[in-house]
Structure formats: C-alpha cells, structure tokens
Amino acid sequence: MRRETAHIRVSQYSTPGRWARLKASNFWQAAFARPFEDKANWKKHMFVLLSYAFGLLFLVSPITMLIDDALSWPVPLEQMRQTSGVLTDVVIQRRATSYFVITTSEGGEQRFFKPALRKSDLRGLVGQRVTVWSQTGFVLFYGQIQEPREIRLLGSNRNIFRYTENISHSIDFDEKDHYWFLAMLAFGLFLIARPVWKHRNRVVETQQSTERGV
C-alpha cells in the first residue's frame, strides 16, 4: 500500500505543468529556442529579434487604427457628442497624443485627444468657454477616448477645428486607408511567422541522429 501511494506521488510530481508543456511544444521551440541555439551567430539572433519587434509593431499599429476607425466613422456633426464648458488646460506631448481639458458647468472634467494640437492656437484660449463636438475613438495605452471634430468659441463664430467642410474628405480617406492597414497587418504577420516557419523542423536533432547512425 505504501509503494502504491509513493508511486502516485512520484507520478503527480513528474507530470509537467502547463508552462513546461508550452516550452516543450514545437511552436515554442521554433519561435524561441531553435533560432537562438547557435550562440556564436549573433547576427542571426539580431535578425530574428528585429523581425519579431518590427512584426509586432506592424501588427499593433494597424489594429489600433482599425479599432479607432470603427469607433469614429465619419457622421454628421448633429450626431456627435456635444460638450460645453471652460477650456482649462492644453497638454502638448511629443511622444504621445496631445489633449486638452474642458471643465463643464457641473464641475466635471473631460479630456479630448488630438495630435494636431501642436499646430493650433488653442493654448491662447485657456480660460474661455467653448463648445466641442466629439466622437469616441481609440488610442494605444489610453483605450477609448473622445476625439474632437469641431471646436467653437462661445459668443463668436470662430471655429478652432472645422469638421463640416471636411466630412466628405474624411469618408474617402477612411475608405482608402483600410487597404494600407491590411497590408501592414499582412507584413507584420509575415515578419513574425518567417523565423517560426524556418525553424519548424528539428533540424539539429535530425543531423545529430544521422551522425550517430540512427
């Protein structure tokens, strides 16, 4: 009885976990083990790492853009969200999407993200009341956001960003840029899949077995 119990315990501990099974799978070996087996071939290692890095970049960027397009497809201004309040802050970011903050009469704050803020004179309007027409969009690292389409200074006919005149151009642009997004996705998948496909077979083990006469 003790021998059977000991045998069961040994079997339980000898069973590999999910992580061990994943690392032993052919996909993991082809993607992360076999391309780096030759320690002296640093050029090959660098090429594989760059292929993965650029492939991931070409996957993440178009996916983010496609999600943003799906959420913010051009619609008439009347169908957009309208927010009125005081412009309290304008944040210009070089390595991220710039945004400005509107404080409503209820005291709530709403951020609006737009890359073109660098070229606008919105900073000079801080403290003034404005109306913003916006749509829900998507930005990496921020998730769902509000994208301003038109900003109008209350008490005047001045528009900081004008949307109505560009709606037809926006529709044409969104229809055409999807082909570029799909091309980027295909190229990203190719960059990632190429090293995996190249090392899908256990070439090293086969050569060693042949040398031993198996």
Side-chain angles (χ1 to χ4, degrees), residues 52-189 191-192:
Y52 285 157
F54 280 100
L56 187 61
L57 177 64
F58 275 99
L59 285 180
V60 172
S61 296
I63 289 175
T64 302
M65 295 174 185
L66 286 171
I67 295 174
D68 180 66
D69 275 3
L71 293 173
S72 58
W73 182 259
V75 296
L77 201 64
E78 294 76 19
Q79 299 180 17
M80 296 185 185
R81 177 179 178 179
Q82 184 175 339
T83 306
S84 297
V86 178
L87 178 64
T88 54
D89 196 10
V90 179
V91 180
I92 307 298
Q93 303 185 105
R94 293 184 178 180
R95 298 184 180 181
T97 305
S98 300
Y99 64 90
F100 61 91
V101 181
I102 297 294
T103 301
T104 63
S105 57
E106 294 80 13
E109 290 187 347
Q110 176 67 60
R111 289 184 179 185
F112 298 89
F113 291 78
K114 192 173 184 64
L117 288 182
R118 299 178 188 176
K119 300 179 181 179
S120 70
D121 56 351
L122 205 59
R123 283 180 170 177
L125 301 178
V126 173
Q128 300 194 43
R129 293 186 58 82
V130 296
T131 298
V132 182
W133 286 264
S134 63
Q135 286 181 284
T136 301
F138 186 84
V139 173
L140 191 64
F141 303 124
Y142 286 101
Q144 288 193 4
I145 60 164
Q146 285 297 312
E147 296 182 358
R149 299 304 184 193
E150 183 161 315
I151 305 175
R152 188 173 301 168
L153 188 63
L154 292 181
S156 69
N157 295 324
R158 182 183 176 186
N159 286 19
I160 311 304
F161 296 109
R162 192 166 184 82
Y163 174 76
T164 308
E165 298 174 351
N166 300 323
I167 184 171
S168 59
H169 171 72
S170 299
I171 293 175
D172 293 338
F173 181 78
D174 278 0
E175 289 178 347
K176 294 176 182 178
D177 64 5
H178 290 168
Y179 295 105
W180 288 103
F181 296 161
L182 293 175
M184 291 170 66
L185 279 173
F187 187 59
L189 287 172
L191 290 177
I192 293 176

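Any value given below was found using the heavy atoms of this structure, including those in side chains, with hydrogens, waters and symmetry copies removed. Keep in mind that this is a model prediction, so the values were computed, not measured.
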List in chain and number order the residues that pass side-chain hydrogen bond (donor to acceptor under 3.5 Å, both in side chains) with Ser61, two or more places apart in sequence or in another chain; answer none if no residue qualifies.
none
When rounded to the nearest 0.5 angstrom, what is the spacing between CG in Asp89 and CG in Leu122?
10.0 Å
Once rounded to the nearest 0.5 Å, what's the spacing between atom OG1 of Thr64 and atom CG of Asp68?
9.0 Å
Closer than 3.5 angstrom, by distance alone: can the side chain of Thr103 be matched with the main-chain N or O of Thr88 as a donor-acceptor pair?
no
The single option from Asn159, Val130, Leu87 that satisfies side chain to side chain contact (heavy atoms under 4.5 Å, CB included) with Leu153 is Val130
Give a yes-or-no answer on whether the side chains of Thr136 and Gln146 include a donor-acceptor pair shorter than 3.5 Å.
yes
How about Leu71 and Gln144: do any of their side-chain heavy atoms sit closer than 4.5 Å?
yes
Over all heavy atoms of both residues, which pair between Ser134 and Phe112 is shortest? Give the atoms and the distance, please.
OG-CE2, 3.5 Å
Do Val90 and Val126 have side chains that approach each other closer than 4.5 Å (heavy atoms only, starting at C-beta)?
yes
Side chains of Val91 and Phe100 in contact at under 4.5 Å (non-hydrogen atoms):
no
Pairwise distance CD1(Ile151) to CG(Leu125) - rounded to 0.5 angstrom:
9.0 Å
Verify side chain to side chain contact (heavy atoms under 4.5 Å, CB included) between Asp69 and Ile67, making sure each step is shown before the conclusion.
CA-CA 5 Å; Asp69 275 3; Ile67 295 174; over 6 Å; no
Please report the shortest heavy-atom distance between Lys114 and Thr97, naming the atom on each side.
N-CG2, 3.8 Å
Run the numbers on Ile102 and Glu109 for side chain to side chain contact (heavy atoms under 4.5 Å, CB included), then give the verdict.
CA-CA 6 Å; Ile102 297 294; Glu109 290 187 347; over 6 Å; no
By side-chain contact (heavy atoms from CB on, under 4.5 Å) - contacts of Leu182 (at least two apart):
Leu185
Please lay out, stage by stage, how Arg149 and Val132 fare under the test side chain to side chain contact (heavy atoms under 4.5 Å, CB included).
CA-CA 7 Å; Arg149 299 304 184 193; Val132 182; over 6 Å; no
Heavy atoms, side chains only, cut-off 4.5 Å: are Trp133 and Thr83 in contact?
no
Answer whether the closest heavy-atom distance between the side chains of Leu77 and Glu150 falls below 4.5 Å.
yes
4.5 Å side-chain heavy-atom contact, Tyr99 and Gln93
yes
Determine, step by step, whether Leu56 and Val60 satisfy the side chain to side chain contact (heavy atoms under 4.5 Å, CB included) criterion, reporting the C-alpha distance in whole Å, the side-chain angles of both residues, the deciding distance to 0.1 Å, and the verdict.
CA-CA 6 Å; Leu56 187 61; Val60 172; 4.1 Å; yes
For a quick test of reading the model, state the closest non-hydrogen atom pair linking Phe113 to Pro148 and the distance between them.
O-CD, 3.1 Å
Tyr142 atom OH, neighbour heavy-atom count above 12 within 6.0 Å
yes
Roughly how far, to the nearest 0.5 Å, is CG of Leu57 from CZ of Phe187?
10.5 Å
In terms of heavy-atom contacts, Ile192 and Tyr52 come closest through O-CE2, 3.5 Å
Could you check whether any side-chain heavy atom of Val75 comes within less than 4.5 Å of a side-chain heavy atom of Gln135, counting everything from C-beta outward?
yes
Regarding Arg152 and Gln82, is there a side-chain donor-to-acceptor distance under 3.5 Å anywhere?
no
